[in-house]
Amino acid sequence: MVARYERIADELRGEIIAGAHPVGSQLPSEAELAARYGAARGTVRQAVAVLAAEGLVGSRQGARRIVLGRTRSQSFAELHSFAQWARANGYRFGGQVIAQRRRPAGGTEPARLGSEEVLEVLRVRTLEGEPVLLERTVYAGWVAPAVEELPADCESVTEALHASIGLVFAYGEHLIDAVPAGAQDARLLGVRRGSPLLRQRRTTTTHEGRPVESSDDRYRAGSVAFSIRNSIGANPLVRHAGDLRFGAGEHMFEL
């Protein structure tokens with residue numbers, strides 16, 4: 001059964017995407033929304049918090065929320081997989097392994113993943129039936145057997161590994177930049193060679209700090225935006241020459 005706040009969030013999301021609440025405008029107040037839906041203000045607050053987590057509205061406290069955008073947004077405030085984010089936001093999604101192989105770890109992989117042998121997986125992710133994400137993931141040797149047992153069209157690797165071996169992806173470091181699509185990227189994502197792609201490089205570990213995976217994820221331009229939330233007391237967004245490092249904050253990044 002869908003919760004009341006989720007139904008309210010769905011309706012408000014649809015209005016924002018349709019342009020009923022233009023970018024830069026204010027949403028109705030919590031009191032006005034509560035009266036409109038015949039719901040408690042706490043329920044309305046939960047619904048608006050969902051939209052804030054998606055990056056559609058601002059998260060200022062004590063004021064009406066400002067509409068920030070009309071694009072799909074994934075937040076780094078919490079560590080969610082692509083499938084978990086897509087399902088939570090009501091999108092149709094899928095995945096397909098294109099190729100996978102065991103190989104010796106190379107370059108910085110032995111130090112980064114703590115493994116001399118790794119499993120390399122190339123996977124395409126779809127959203128609403130369209131290819132939007134190309135994942136090149138390298139798994140540490142200790143988790144490789146469990147990954148190899150997964151079906152090629154596994155919807156959520158994160159959830160499947162939790163179900164099979166109790167693995168919890170607990171911590172992640174993300175680097176984001178833009179890169180041109182190579183021949184393989186262009187073919188699998190259905191774009192022209194050289195088209196800009198939003199690249200997210202990430203390394204994920206367990207609660208104990210044990211490395212699980214390192215991935216190079218490339219998003220088709222215009223498919224997904226990322227939101228970062230910060231405050232005057234916590235600003236983990238760090239700019240570096242040539243790259244950006246992200247934690248929690250409130251910024252929107254897209255191509």
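Numbers for residues simply follow the sequence, beginning at 1.
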Which atoms form the tightest heavy-atom contact between [X] and [Y], and what is the distance?
X	Y	answer
L113	S214	CD2-N, 3.9 Å
A181	V191	CB-CG2, 4.1 Å
G194	P180	O-CB, 3.8 Å
L167	V212	CD2-CG1, 3.9 Å
L133	D217	CD1-CB, 3.6 Å
R192	A186	C-CB, 3.9 Å

Under 3.5 Å, is there a donor-acceptor pair between the side chain of [X] and the main chain of [Y]?
X	Y	value
E130	L127	no
T204	E213	no
R125	E155	yes
R123	G95	no
Q26	R65	no
S115	G141	yes
T108	R112	no

Does the side chain of [Y] come within less than 4.5 Å of [X]'s, by heavy atoms?
X	Y	value
R36	E11	yes
E149	C154	no
L33	L12	yes
I98	Q184	no

Atom [atom1] in [X], atom [atom2] in [Y]: separation rounded to 0.5 Å?
X	Y	atom1	atom2	answer
Y37	I8	OH	CD1	6.5 Å
L175	R202	CG	CZ	12.0 Å
T205	R210	OG1	CZ	11.5 Å
Q100	E148	CD	CD	6.0 Å
R201	S215	CZ	OG	11.5 Å
E32	R41	CD	CZ	10.0 Å

Exercise for review: Assess whether atom CD of E159 is packed by more than 12 heavy atoms of other residues, nucleotides or ligands within 6.0 Å.
Suggested key: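 Counting neighbours around CD of E159, more than 12 heavy atoms of other residues, nucleotides or ligands fall under 6.0 Å, so yes.
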Check your understanding: Does R193 CZ have over 12 foreign heavy atoms under 6.0 Å away?
Key ->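 Check fails, neighbour count at 12 or below.
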Applying a strict under-4.5 Å side-chain criterion to I, L, V, M, F, W and Y, I'd like to know whether [X] and [Y] cluster together.
X	Y	result
V118	F169	no
V168	Y139	no
L161	L119	yes
V44	I16	yes
V124	V138	no

Practice item. Pick out which of L198, D185, L188 makes a side-chain contact (heavy atoms from CB on, under 4.5 Å) with R218. Key: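 Exactly one candidate clears the test, D185.
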Point to revise | Sidechain N-carboxylate O distance under 4.0 Å for R13, D10 | key: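 Result for this pair is yes, salt bridge flagged.
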Check your understanding: For R4 and T43, what are the C-alpha separation, side-chain angles and deciding distance, and is it a side-chain hydrogen bond (donor to acceptor under 3.5 Å, both in side chains)?
Key -> CA-CA 7 Å; R4 182 75 182 280; T43 301; over 6 Å; no
